[in-house]
Amino acid sequence: MFEELQEQIPHLINKNPNSKEVLEAYEAILGICRDAKPVLPETSMDQSLVRLKQEEGFPLFSREDLPLDMECASDLLVAFFMHLGERQPHMKKAFEKAIQELRQDESLAQKLFSSVLA
């Protein structure tokens, strides 16, 4: 999937050269995501509840109960911060500090993702 998207980027840049900067940033993010190796946590739900939620159009999980691979999500967050620090040298120290704090306190990433999903 990632390769197919990346193959389209040069064509899109040729079609619209004004979008080159955005598409190159998107291409870098695709590379970061492609390297991620998420592990889906096992979940178990009552099958009758699953059917009922599907029939009624409700999500299977509430946002706060959504199963996440926090290790992979944290690694991706660090990779994004590293990439942004390279692309925006004036912000590099701030991103390095954020990375350091994330590595020192693993609960920070959990809090961040929980607040976004809440």
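Positions are given from 1 along the sequence.
- Proximity of a side-chain donor or acceptor of Asp69 to a complementary backbone N or O of Pro38 within less than 3.5 Å is not detected.
- Note on Val50: it clusters hydrophobically with Phe61, by side-chain heavy-atom contacts below 4.5 Å among ILVMFWY residues.
- Looking only at side-chain heavy atoms (C-beta outward), Met82 and Glu96 stay at 4.5 Å or farther from each other.
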Residue pair Val39, Glu71: steps toward the side chain to side chain contact (heavy atoms under 4.5 Å, CB included) verdict = CA-CA 9 Å; Val39 177; Glu71 184 176 344; over 6 Å; no
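- Every side chain to side chain donor-acceptor pair (under 3.5 Å) that Asp105 has, sequence neighbours left out, goes to Ser107.
- In this structure, the separation between CD1 on Ile32 and CG on Asp75 is 12.0 Å, given to the nearest 0.5 Å.
- The shortest side-chain heavy-atom distance between Ile9 and Leu30 falls under the 4.5 Å cut-off.
- By the criterion of side-chain heavy atoms lying less than 4.5 angstrom apart, applied directly or through intervening Ile, Leu, Val, Met, Phe, Trp or Tyr residues, Leu5 is grouped together with Leu12 in one hydrophobic cluster.
- Once rounded to the nearest 0.5 Å, the distance linking CD1 of Ile13 with NE2 of His11 reads 10.5 Å.
- Cluster membership check: Leu76 does not share its hydrophobic cluster with Met70, using side-chain heavy-atom separations under 4.5 Å among Ile, Leu, Val, Met, Phe, Trp and Tyr.
- Heavy-atom neighbours of Phe58 CZ from other residues, nucleotides or ligands within 6.0 Å: at or below the threshold of 12.
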Check against side chain to side chain contact (heavy atoms under 4.5 Å, CB included), Gln6 and Arg34 | CA-CA 11 Å; Gln6 282 185 310; Arg34 181 190 60 234; 2.8 Å; yes
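- Contacts classified as ring pair (Phe, Tyr, Trp, His ring centres under 6.0 Å) and involving residues 65-94 (residues at least two apart or in different chains) are given here: Phe81-Phe95.
- Enclosure of atom CD in Glu21 is not indicated, since only 12 or fewer non-hydrogen atoms of other residues, nucleotides or ligands lie within 6.0 angstrom.
- Atom CG of Leu52 is separated from atom CG of Asp46 by 10.0 Å, given to the nearest 0.5 angstrom.
- A continuous path of Ile, Leu, Val, Met, Phe, Trp and Tyr side chains, each step under 4.5 Å between heavy atoms, connects Leu112 with Met91, placing both in one hydrophobic cluster.
- Heavy-atom neighbours of Lys53 NZ from other residues, nucleotides or ligands within 6.0 Å: above the threshold of 12.
- With a 6.0 Å radius and a threshold of 12 heavy atoms from other residues, nucleotides or ligands, Glu24 has its CD atom above the threshold.
- Taking every heavy atom of both residues into account, Lys92 and Gly85 meet most closely at CB-O, 3.7 Å.
- Here CD of Gln47 is found 8.5 Å from CD of Gln54. Values are rounded to the nearest 0.5 Å.
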